[in-house]
Amino acid sequence: MFKRILIANRGEIAVRIIRACRELGIESVAVFSDVDRKALHVRKADYAYHIGPATASESYLNIDKILEAARRSGAEAIHPGYGFLSENANFARACRDAGIKFIGPSPESMEMMGSKTRARQNMKRAGVPFVPGSERGLELDDMERLAEQVGYPVMLKAAAGGGGKGMRLVSSPAELHSAYENARSEAQRSFGDNEVYIEKFIANPRHVEMQIFGDEQGNVVYLGERECSVQRRHQKVLEESPSPIVDEDMRRRMGEIAVRVGKAAGYYNAGTVEFLVDRERNFYFLEMNTRLQVEHPVTEFVTGLDLVHLQFHVATGQPLPFKQEDIQLRGHAIECRIYAEDPDNNYFPSPGKITRLISPSGPGIRRDSGMYEGWSVPIEYDPLLAKLVGYGEDREQAINRLLRALYEYFVGGIKTNTSLFRRILKDPDFRAGNIDTGFLDRLLTKPNNETDPRRPIIAAMGAAIFASAEAQATLPGTTVAVSTNGKAAPPPPISGWKRMAREEAVRER
Amino acid sequence: MFKRILIANRGEIAVRIIRACRELGIESVAVFSDVDRKALHVRKADYAYHIGPATASESYLNIDKILEAARRSGAEAIHPGYGFLSENANFARACRDAGIKFIGPSPESMEMMGSKTRARQNMKRAGVPFVPGSERGLELDDMERLAEQVGYPVMLKAAAGGGGKGMRLVSSPAELHSAYENARSEAQRSFGDNEVYIEKFIANPRHVEMQIFGDEQGNVVYLGERECSVQRRHQKVLEESPSPIVDEDMRRRMGEIAVRVGKAAGYYNAGTVEFLVDRERNFYFLEMNTRLQVEHPVTEFVTGLDLVHLQFHVATGQPLPFKQEDIQLRGHAIECRIYAEDPDNNYFPSPGKITRLISPSGPGIRRDSGMYEGWSVPIEYDPLLAKLVGYGEDREQAINRLLRALYEYFVGGIKTNTSLFRRILKDPDFRAGNIDTGFLDRLLTKPNNETDPRRPIIAAMGAAIFASAEAQATLPGTTVAVSTNGKAAPPPPISGWKRMAREEAVRER
Amino acid sequence: MTYDIVVDGKIHHVEVTRGEKLWSCRVDGQEMEVDAALTARDVLSLLIGGKAYEIKRERSLQGELHMVIGSARYAVEVQDPRSLRTRRAVAGADSGPQKIKAAMPGKIVRILVAEGNEVSNGQGLIVMEAMKMQNEMKSPKDGKVHKILTAEGSTVNAGDTLAIIE
Amino acid sequence: MTYDIVVDGKIHHVEVTRGEKLWSCRVDGQEMEVDAALTARDVLSLLIGGKAYEIKRERSLQGELHMVIGSARYAVEVQDPRSLRTRRAVAGADSGPQKIKAAMPGKIVRILVAEGNEVSNGQGLIVMEAMKMQNEMKSPKDGKVHKILTAEGSTVNAGDTLAIIE
């Protein structure tokens with residue numbers, strides 16, 4: 001096994017990988033930008049190296065700086081996490097050239113899969129089903145012709161893309177031109193590559209993906225699917241495994257195709273094959289993600305495996321320690337992505353200082369978090385703070401445990417989207433498994449009435465008791481100045497409380 | 001399902017049951033003594049009733065007060081947790097008479113099993129294997145005779161006992177008299193019953209127990225064993241499932257005997273049948289615990305079931321939702337009991353205010369806790385603060401994940417036994433599965449050298465930097481007064497830190 | 001002590017008096033005996049006739065005071081009855097000119113309206129990019145774009161006024 | 001600034017100076033450049049040539065200062081070099097009369113020795129019951145029971161001296 005591994009990432013995924021290192025007796029090396037000196041991944045690592053300013057391109061996306069940190073730390077391998085350099089074949093190649101093991105697939109597999117159009121060609125040869133559309137990036141006029149051919153609505157997608165960037169839905173020829181320009185410029189901004197291709201648009205599909213795992217001996221297995229249809233602006237918000245609509249037979253067929261995709265790409269380490277599923281449960285190859293997914297914990301819960309341990313294992317060149325038939329799926333798991341964003345304000349990002357953090361635990365609850373009380377969420381990066389994952393004997397128990405855990409979760413000082421998950425998990429359609437990629441947008445248009453008429457009165461009383469207990473330390477009759485002191489943490493409990501505490505102490509004897 | 005359930009307990013188990021209530025949409029009713037007004041179980045419940053002074057006999061052990069609270073709250077059922085009234089048949093009967101469902105077995109089963117000697121008679125009839133000894137409580141002279149007969153060493157045990165109270169090992173006739181008297185008086189003190197019986201002593205046995213579950217239709221299943229050999233003073237410290245020495249065949253035989261025990265007692269709800277296992281892997285019936293065990297989470301991890309949900313389910317009169325053959329055991333789980341006690345001071349209890357609490361989470365880690373930062377651990381009750389449970393694909397991964405989690409766990413202000421678990425989990429014998437009830441005592445006699453020569457220097461530097469940063473707010477050159485302020489929480493960061501923070505802020509731009 | 005407390009825009013008149021063991025509270029004329037205990041910083045446990053409430057107090061970056069009960073969050077303003085701010089706080093919601101402020105630092109990607117345009121409640125005004133996400137700031141009311149105080153491509157700080165709707 | 005710091009009974013001479021970005025530290029003559037950051041209350045993050053240390057500071061009920069690094073805990077005393085307490089702290093361990101104190105409130109169950117008895121290091125002296133557990137308090141050294149200051153059955157408070165061994 002490796003002696004020392006550098007994690008070229010930040011936040012919850014860096015923490016999760018550092019934990020895996022500690023579990024296996026591997027020394028972990030963190031890297032951090034100026035604004036991440038106090039980040040949790042730096043606190044938890046055995047080594048930490050500063051790699052530059054907040055701007056990702058000058059730190060977490062900077063290949064030279066990361067390799068320099070790896071050399072200085074003597075790391076034998078690098079885990080890229082997700083995002084940042086995780087799907088950058090040049091980085092994987094640079095690691096190889098530097099004699100450092102990149103924990104992931106070969107740069108060749110990444111390149112083949114990285115460009116959606118090339119992936120498409122290879123997969124077609126492997127007999128993988130596709131949504132009708134263009135094989136590769138098109139100029140506007142070709143695109144107009146093909147759009148007419150497959151029929152509107154159509155979807156424009158960035159060839160180098162992912163996570164919804166550079167995607168545009170076009171429902172009529174009139175919109176195609178501007179959509180095409182926007183998609184190209186956004187693709188250029190996001191990926192430095194403005195190649196855009198076209199696909200027939202499938203109304204309200206499900207997004208189901210299959211986890212695969214390969215070793216360098218050429219063995220590839222599938223570890224069950226994940227349902228990722230609950231999305232906002234093409235961003236996954238909640239994922240689960242198994243999918244409510246996938247039965248054993250469909251799982252086997254989808255899994256075998258995913259394995260074929262992996263083998264066609266000479267794939268090893270962890271990968272995910274994404275499919276679109278239509279109402280008739282036909283599925284079409286969407287894309288392959290050549291990295292560990294954000295949502296890998298739901299697969300870990302239902303398989304009982306640790307995918308990061310497994311990544312380390314195969315990266316050392318050893319074969320997979322099990323065969324397809326050894327995989328035992330059991331129970332149901334659901335992941336909620338806790339973001340620093342304000343549900344009451346159009347999900348606007350909400351960075352800042354976490355003044356209070358009360359975290360859930362207990363049966364069936366896993367929490368992968370990158371935050372802690374007193375830490376300030378920087379504005380420069382993705383607002384994912386933590387992942388709350390619930391396991392249950394069945395889907396209903398997993399849902400109920402998550403609702404319980406969300407009830408316990410309190411993040412003070414900033415806004416988070418926890419209330420969104422309460423809405424989702426209580427929604428009758430969701431509970432019945434009736435979800436598709438349009439589900440969340442529909443839900444958010446419904447009025448949100450989580451109200452108990454008595455509560456506002458309790459809130460008023462609580463505010464008065466807080467104020468009264470503290471006022472007694474200052475001038476009687478004055479009130480708490482709400483506007484002042486807002487940015488600082490609230491003042492410590494003062495004599496009003498102290499007296500109250502003393503009284504209780506007396507009472508308790 | 002019940003609408004409202006009262007939990008006649010406190011601490012982590014009350015919290016765990018309250019969580020199950022919330023998950024199932026059941027309203028939870030907590031009860032609390034004077035010193036528990038701020039306890040976590042009171043914070044988490046939907047209702048809470050004060051039931052008297054700190055002394056358990058006047059609160060948590062007081063049947064009338066608990067039933068009164070149940071009546072006032074309108075609870076339809078009572079969950080007793082473990083300890084306190086959980087194995088008190090009179091309480092179960094009083095609940096029945098009050099028309100409140102006791103979530104557990106019938107008072108009749110409890111009585112049959114409550115007295116070890118009567119249990120023994122019934123089990124013998126059911127063909128359950130026993131350690132040679134007396135059928136019932138004996139007078140001294142009979143005891144001397146029988147001791148000669150089965151041969152020394154022998155063990156004296158309280159008929160009404162449990163958890164090591166009233167137990168005495170006697171290795172020669174000379175010791176029998178005083179041991180007998182001590183056992184009787186301790187039994188009287190602990191259980192109000194001085195009946196004491198005798199058993200042949202098996203050197204360094206293993207303690208393995210089988211979880212069973214019954215419904216009121218008479219179905220009884222077994223849910224796998226738990227190895228509980230790691231004990232200090234006959235108190236379980238760490239438990240795991242499966243046992244390193246139990247294979248499928250032994251599990252089936254042990255499980256079937258446990259089911260026979262349950263059926264012989266007309267048992268329903270959750271119960272545990274304890275066995276002694278000798279070096280040849282022969283097992284002997286020890287006792288039956290007619291309650292949910294502290295260590296039930298390890299069984300929940302390997303079965304994927306929620307035993308408290310299941311308790312509620314069968315308590316409503318419904319049959320078990322599965323059959324024996326549906327039980328799927330997978331992976332390995334280990335539980336560490338985190339106690340407020342000082343490993344460096346002979347494991348002396350260490351109550352007091354928790355000034356800092358940093359809790360582990362992440363893959364394969366479950367934490368059932370009754371503490372929170374700022375809470376004061378009362379001196380009146382059992383020092384169990386929390387249970388840290390680790391799951392893994394196999395035993396080694398479970399051990400490594402626990403070590404990782406223990407590394408993250410920090411409880412400030414009081415002492416806890418976390419360092420003990422690091423010693424156990426790193427011990428070669430433990431890792432090889434070579435454990436018996438004498439294991440821990442042997443381990444504790446070994447020198448504990450968890451030392452890194454560099455660390456004390458780092459500690460000194462850290463102390464100096466803490467002191468320097470704070471000193472600059474006061475008079476230069478003065479040092480931190482260690483002796484003062486000890487009881488209060490440490491002072492908030494002051495201008496020394498503020499300046500440092502500002503400098504960092506500047507640097508980070 | 002007596003307070004006027006605005007909860008989500010509605011005023012409640014609250015009197016609280018600490019007794020030996022319990023607090024006597026009167027909210028909008030309704031009497032209650034309350035067992036109140038501060039369990040942790042900013043965490044208040046209330047027992048009212050057996051019913052338990054945990055109230056978490058939070059001050060947001062913008063300085064608003066919130067009371068969080070279970071999963072419900074309430075914006076709260078504690079008022080000295082003699083002050084006038086209450087009425088504003090309650091009335092303010094819809095009448096008069098509204099400032100569109102940047103809730104956090106970011107970059108202005110697009111401005112969708114021009115000064116003088118009529119806008120309706122919920123209509124998109126300005127697209128801002130922050131934390132790798134584009135967000136549309138919408139009009140809080142039907143009205144008219146009185147002023148645009150920023151330009152496409154410019155970087156803004158939290159609290160900056162970007163536009164005024166009247 | 002300069003400190004004599006006692007870690008688990010051993011003195012270290014420590015000089016710390018805060019620079020622009022880093023702290024210059026000299027411990028027992030050894031020079032180090034340290035990147036120090038307070039990440040949370042009582043939690044200090046140190047980076048020394050890439051190696052990361054998290055140090056948690058704790059004051060116990062008895063007022064002792066501890067530094068916790070990873071899973072290791074160190075009893076620390078920060079000394080003004082001019083004071084004399086240091087020498088005591090270091091020497092004190094074994095010489096002179098030792099008080100046996102109750103670490104917490106409890107009940108004395110049994111007293112196993114009498115005044116004047118010779119006792120050896122680790123020998124049981126007093127059995128105390130607290131938190132439902134009986135605990136034997138042992139002699140910290142070889143010596144003689146100078147005084148017994150409690151009786152069987154009596155209730156004692158934290159810090160009470162129960163016996164003196166000389």
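In what follows, chains are A, B, ... by sequence order, proteins preceding strands, each numbered from 1.
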Problem - Between SG on residue D:C25 and CE on residue B:M461, distance to nearest 0.5 Å - result: 5.0 Å
Practice task
Can you tell which part of B:Y409 gets under 4.5 Å to a heavy atom of chain D, answering side chain, backbone, both or neither?
Solution key: neither
Exercise for the section: For each of B:E341, B:E408, B:R454, tally heavy-atom pairs with chain D at distances under 4.5 Å, and name the one with the top tally. Expected result: B:R454
Problem - Sub-4.5 Å side-chain heavy-atom contact between D:M32 and B:I457 - result: yes
Practice task
Please report the closest heavy-atom contact between D:D42 and B:R356, naming both atoms and the distance.
Solution key: CB-NE, 4.4 Å
Practice task
Please tell me if the side chains of D:M128 and B:F348 come closer than 4.5 Å, counting only heavy atoms from C-beta onward.
Solution key: yes
Practice task
For the pair D:V14 and B:I465, evaluate side chain to side chain contact (heavy atoms under 4.5 Å, CB included) and give the outcome as yes or no after the intermediate values.
Solution key: CA-CA 10 Å; D:V14 186; B:I465 291 174; over 6 Å; no
Practice task
Kindly indicate whether the side chain of B:F466, heavy atoms from C-beta on, has any atom under 4.5 Å from the side chain of D:L65.
Solution key: no
Exercise for the section: Answer yes or no: is there a donor N or O on one side and an acceptor on the other, between the side chain of D:Y53 and the main chain of B:G462, under 3.5 Å? Expected result: no
Exercise for the section: Mind running side chain to side chain contact (heavy atoms under 4.5 Å, CB included) on D:R59 and B:T355 for me, showing each step along the way? Expected result: CA-CA 9 Å; D:R59 288 205 184 76; B:T355 55; over 6 Å; no
Problem - Beyond-backbone contact of B:R455 with D:V7, side-chain heavy atoms, under 4.5 angstrom - result: no
Completion exercise
What one should report as the nearest heavy-atom pair of B:I358 and D:K56 is CD1-CE, 3.6 Å
Practice task
Measure D:V34 against the heavy atoms of chain B and call it side chain, backbone, both or neither at under 4.5 Å.
Solution key: side chain
Handout entry: Which atoms of B:N345 approach chain D - backbone, side chain, both or neither, heavy atom under 4.5 Å
Key = side chain
Fill in the blank from the handout: Assert top hit (heavy-atom pairs under 4.5 Å, partner chain B, pool D:I69, D:V27, D:V16) equals D:I69
Fill in the blank from the handout: On a heavy-atom basis, the closest approach of D:M67 and B:A459 is CG-O, 3.8 Å
Practice task
Using a 4.5 Å cut-off on heavy atoms from C-beta on, say whether the side chain of D:K10 contacts that of B:P456.
Solution key: no
Exercise for the section: Would you mind checking which part of D:Q30 comes under 4.5 Å of any heavy atom in chain B, side chain (CB onward), backbone (N, CA, C, O), both or neither? Expected result: side chain
Practice task
Can you establish whether the number of heavy atoms outside D:K144 located under 6.0 Å from its atom NZ is more than 12?
Solution key: no
Exercise for the section: Please round to the nearest 0.5 Å and tell me the distance separating atom NZ of B:K426 and atom OG of D:S71. Expected result: 5.0 Å
Exercise for the section: State, with a plain yes or no, whether a side-chain heavy atom of B:K415 is found less than 4.5 Å away from one of D:H66. Expected result: yes
Completion exercise
Looking only at heavy atoms, the pair that brings D:I5 and B:A460 closest together is CD1-O, 3.2 Å
Practice task
Would you mind checking which part of D:I55 comes under 4.5 Å of any heavy atom in chain B, side chain (CB onward), backbone (N, CA, C, O), both or neither?
Solution key: both
Handout entry: Worked verdict on D:M137 versus B:N346 for side chain to side chain contact (heavy atoms under 4.5 Å, CB included)
Key = CA-CA 8 Å; D:M137 308 185 69; B:N346 194 29; over 6 Å; no
Problem - D:K138 atom NZ, over 12 foreign heavy atoms within 6.0 Å - result: yes
Problem - Between B:P383, B:P378, B:S190, the one whose heavy-atom pairs under 4.5 Å with chain D are most numerous - result: B:P383
Handout entry: Part of D:R73 within contact of chain B (heavy atom distance under 4.5 Å)
Key = side chain
Exercise for the section: Determine the minimum heavy-atom distance between B:A467 and D:Y3, stating which atoms define it. Expected result: C-OH, 3.5 Å
Fill in the blank from the handout: Correct closest heavy-atom pair for D:E58 and B:V411 would be OE1-O, 4.4 Å
